[in-house]
Amino acid sequence: MSEIISGRNPVFEALKSQKTINKILISTQAHGSLLKDIVKLAREMKIPVHHVPPEKIDSLSSEKTQGIIAEISPAEYLDIYSLIEKVKDIKKPLIVILDSIEDPHNLGAIIRNAVAFGADGVVIGKWHSANLTETVSRTSAGAIQHIPVARVTNIADTLNTLKKEGFWITGAENNNKSIRETEFLFPMALVIGSEGTGLRHLIKERCDILISIPQNKIISSLNASCASAVILYEISKSRNN
């Protein structure tokens with residue numbers, strides 16, 4: 001589990017100290033002026049705030065919570081411009097974009113694959129996405145400490161930003177051009193969609209090319225983490241040529 005900060009004053013001080021906060025949970029039964037200040041500051045900082053039943057709060061902390069907890073990330077996030085700056089001098093840069101990957105185990109496994117096959121950065125969303133937590137860190141075998149991770153408010157807008165910076169947007173989606181027949185173009189942003197539904201329609205529209213893994217018809221599709229390993233391996237061969 002991620003580090004949890006409980007209580008109104010501790011959460012407020014964590015916000016003011018610029019700690020990397022994944023999200024804030026507030027009980028639907030909690031009220032007060034300090035909570036309003038916390039919500040206002042969190043929204044200014046673009047930190048997700050969720051109002052949840054009080055039993056949800058109680059299940060996450062044994063401390064006196066005063067109806068509020070904050071989940072602290074075990075690693076720092078970058079913004080997309082800082083990530084672009086980090087990779088701009090790399091030959092054939094590769095950034096992995098994760099569209100709505102909500103399972104922390106899948107997120108951790110994909111980050112591990114990204115590091116193993118030489119990707120230069122990972123991007124996740126603030127909404128409908130798993131955050132960097134201790135579960136993700138363990139599943140990645142510590143790989144989150146070896147690759148920069150950016151967290152963005154809007155994946156579609158981020159793809160537009162990357163296009164302006166010269167990146168080719170490559171989306172992984174079933175029943176499209178085989179990775180065996182694809183000429184990979186760099187700098188590349190590889191987009192991997194959610195475990196259940198794949199890439200969202202708006203994200204597919206932003207892609208320059210859609211690729212898929214040829215596989216036996218008996219299996220409908222690989223899960224996101226397995227698919228990422230296969231695709232990243234193929235891309236790594238092209239980068240090393």
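Using modelled atom types, one finds a donor on one side chain and an acceptor on the other under 3.5 Å when comparing N106 with S225.
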**Message:** Set out, in order, the CA-CA distance, both residues' side-chain angles and the distance that settles side chain to side chain contact (heavy atoms under 4.5 Å, CB included) for L107 and T139, then state yes or no.
**Reply:** CA-CA 8 Å; L107 175 57; T139 307; over 6 Å; no
**Message:** side chain to side chain contact (heavy atoms under 4.5 Å, CB included), that's the test. Do I72 and I4 meet it? Break it down for me.
**Reply:** CA-CA 6 Å; I72 309 300; I4 296 293; over 6 Å; no
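No more than 12 heavy atoms of other residues, nucleotides or ligands lie within 6.0 Å of NZ in K86, so this atom counts as exposed by the packing criterion. H128 NE2: 12 or fewer foreign heavy atoms inside a 6.0 Å radius. Heavy atoms from other residues, nucleotides or ligands lying under 6.0 Å from NZ of K126 number more than 12.
Legend: salt bridge (charged side-chain N to carboxylate O under 4.0 Å, His left out) pairs involving residues 21-43, not counting sequence neighbours, sorted by first then second residue: K40-E44. Screening residues 109-118 for salt bridge (charged side-chain N to carboxylate O under 4.0 Å, His left out) gives no qualifying pairs among residues at least two apart or on separate chains. Sorted by first then second residue, the salt bridge (charged side-chain N to carboxylate O under 4.0 Å, His left out) pairs that include residues 169-191, not counting sequence neighbours, are E173-K204. Listed by first and then second residue, the salt bridge (charged side-chain N to carboxylate O under 4.0 Å, His left out) pairs that reach into residues 232-241 are D120-R239, E234-K237, sequence neighbours excluded.
The main-chain N or O of S137 is found under 3.5 Å from a side-chain atom of S140 such that the two form a donor-acceptor pair. No donor-acceptor pair under 3.5 Å is formed between the side chain of S61 and the backbone N or O of D58. Distance alone, capped at 3.5 Å, is enough to place a donor-acceptor pair between the Y77 side chain and the L132 backbone.
Listed by chain and residue number, nothing satisfies the ring pair (Phe, Tyr, Trp, His ring centres under 6.0 Å) test with W168 (two or more places apart in sequence, or in another chain). With sequence neighbours left out, H50 forms a ring pair (Phe, Tyr, Trp, His ring centres under 6.0 Å) with W127.
Of the charged side-chain nitrogens involved, none lies within less than 4.0 Å of a carboxylate oxygen, so that R151 and D79 do not count as a salt-bridged pair.
In terms of heavy-atom proximity, I124 sits nearest to A130 at CD1-O, 3.7 Å. The two residues R206 and K163 come nearest to each other via the heavy atoms O-CE, 2.7 Å.
Here the rule is side chain to side chain contact (heavy atoms under 4.5 Å, CB included) with I38, and of I24, V49, I47 only I24 fits it.
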